[in-house]
Amino acid sequence: MALKLGVLISGSGTNLQAIIDCIAAGTLDATVEVVVSSRPDAYGLQRAKEAGIPTVSLSRDVYEDPMVADAAIAQVLKKYGVEYVAMAGYMRKCTPVLLESFPDRVVNLHPALLPSFVGAHAIADAINHGSKVTGVTVHFANLNYDEGPIIAQQAVVIEEGDSEETLAPRIHDVEHVLYPATLQLIAEGRVHIVDNEAGRRVTVIDPK
């Protein structure tokens, strides 16, 4: 059966669109059951509506208490039968309320090779640091910002003279391929978290 996703957004929703497009193309065996936005004016809501996906938007006032906001989000996601939560440009940190409602089933996308350059300015931080390579990481969210078990990563070269404006589109191009591909691995049941002495790690089972 197709993996039932709930997608959390805050902005333009280009990664949401990539997920929708891959589902339509048959390369991602999933459905987007609902899209939840932390901003009522996020363009990603329009993308969802055009694809016939239910949407919910929360106002800034709701987020005055993040725990209350996440309780509302969890209620919506469960109402729509969501199995996995995909954060796609979602600019809010998940609280225990949401993470415990979907244990090891909240997936995040980050525009850097974690553990390097955590936070909201990862692309600019990589350039300012003088790095030659950055990239994209897909990982499970946990209580620590951008620190959950890594599922997949792909490098992106920082070219001479790159600015945030020139590097960001190349980062996003990788995101739009890597994120749906990683969600497909989850849909196939190939992604597992293993606890050992080194901590929590992800193993991806090769297809037989």
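Values reported hereafter were calculated over all heavy atoms of this structure, with side chains retained and with hydrogens, waters and symmetry mates removed.
Using modelled atom types, one side-chain atom of S101 and one backbone atom of V97 make a donor-acceptor pair closer than 3.5 Å. Between the side chain of S10 and the backbone N or O of M91 there is at least one donor-acceptor pair closer than 3.5 Å. A donor-acceptor pair under 3.5 Å is absent between the side-chain atoms of H139 and the main chain of H110, judged by distance alone. D29 places no side-chain N or O within donor-acceptor distance of the main-chain N or O of A187, the cut-off being under 3.5 Å. Remark: side-chain polar atoms of K49 are not paired, donor with acceptor, to backbone N or O of G44 under 3.5 angstrom. A donor-acceptor pair under 3.5 Å is absent between the side-chain atoms of T134 and the main chain of A112, judged by distance alone.
Hydrophobic clustering (side-chain heavy atoms under 4.5 Å, transitive across Ile, Leu, Val, Met, Phe, Trp, Tyr) groups I23 together with I186. When the side chains of ILVMFWY residues are joined at heavy-atom separations under 4.5 Å, either directly or via intervening members, I73 and V56 end up in a single hydrophobic cluster. Cluster membership for L178 and I20, using ILVMFWY side-chain heavy atoms within less than 4.5 angstrom, is shared. Note on V107 and V82: separate hydrophobic clusters, where clusters join Ile, Leu, Val, Met, Phe, Trp and Tyr whose side-chain heavy atoms are under 4.5 Å apart, directly or indirectly. Both L185 and F140 are part of a single hydrophobic cluster, where members link through side-chain heavy atoms under 4.5 Å apart.
Minimum interatomic distance between G119 and D146 (heavy atoms only, all atoms of both residues): N-OD2, 2.8 Å. Between F117 and S131 the shortest heavy-atom distance is CZ-OG, 3.3 Å. Between P96 and L143 the shortest heavy-atom distance is CG-CD2, 3.4 Å. Contact detail for P149 and I193: the closest heavy-atom pair is CG-CD1, 4.5 Å. Contact between A48 and T55 at its shortest, heavy atoms only, is CB-CG2, 3.5 Å. Contact record, V202 with I150: CB-O, 3.2 Å, taken as the closest heavy-atom pair.
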Notebook entry, point to check: When you look at T31 and L5, which way does the side-chain contact (heavy atoms from CB on, under 4.5 Å) test go after all the steps?
Noted result: CA-CA 6 Å; T31 58; L5 297 173; over 6 Å; no
Margin query: Set out, in order, the CA-CA distance, both residues' side-chain angles and the distance that settles side-chain contact (heavy atoms from CB on, under 4.5 Å) for S57 and L45, then state yes or no.
Written below: CA-CA 8 Å; S57 60; L45 291 170; 3.9 Å; yes
Next item on the list: Just do the side-chain hydrogen bond (donor to acceptor under 3.5 Å, both in side chains) check on H176 and T14 with the steps written out, would you?
Entry: CA-CA 8 Å; H176 299 161; T14 59; 3.1 Å; yes
Margin query: One pair to check against side-chain contact (heavy atoms from CB on, under 4.5 Å): V133 and I158. What are the steps and the verdict?
Written below: CA-CA 5 Å; V133 177; I158 300 177; 5.9 Å; no
Notebook entry, point to check: Passes side-chain contact (heavy atoms from CB on, under 4.5 Å), M87 versus C94? Steps please.
Noted result: CA-CA 10 Å; M87 301 167 69; C94 291; 3.7 Å; yes
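For the atom pair Y90 OH and S38 OG, the distance stands at 5.5 Å (nearest 0.5 Å). Going from atom CD of E164 over to atom CD1 of I171 covers 10.5 Å, rounded to the nearest 0.5 Å. Taking CG of L28 as the start and CG of L3 as the end, the distance is 7.5 Å to the nearest 0.5 Å. One finds the CD atom of E50 at 8.0 Å from the CZ atom of R47 (value rounded to the nearest 0.5 Å). One finds the CG atom of L98 at 6.5 Å from the CG atom of L8 (value rounded to the nearest 0.5 Å). Rounded to the nearest 0.5 angstrom, Q153 CD and L113 CG are separated by 5.0 Å.
No side-chain heavy atom of V138 sits under 4.5 Å from any side-chain heavy atom of N108. Side-chain atoms of R170 and D162, non-hydrogen and from C-beta on, do get closer than 4.5 Å to each other. Between R60 and R39 the shortest side-chain heavy-atom distance does not fall below 4.5 Å. Between V177 and V174 the shortest side-chain heavy-atom distance does not fall below 4.5 Å.
Applying the side-chain hydrogen bond (donor to acceptor under 3.5 Å, both in side chains) rule to pairs touching residues 179-196 yields Q184-E188, E188-R190, D195-R200, sequence neighbours excluded. For residues 70-86, the set of pairs meeting the side-chain hydrogen bond (donor to acceptor under 3.5 Å, both in side chains) definition, not counting sequence neighbours, comprises D70-T95.
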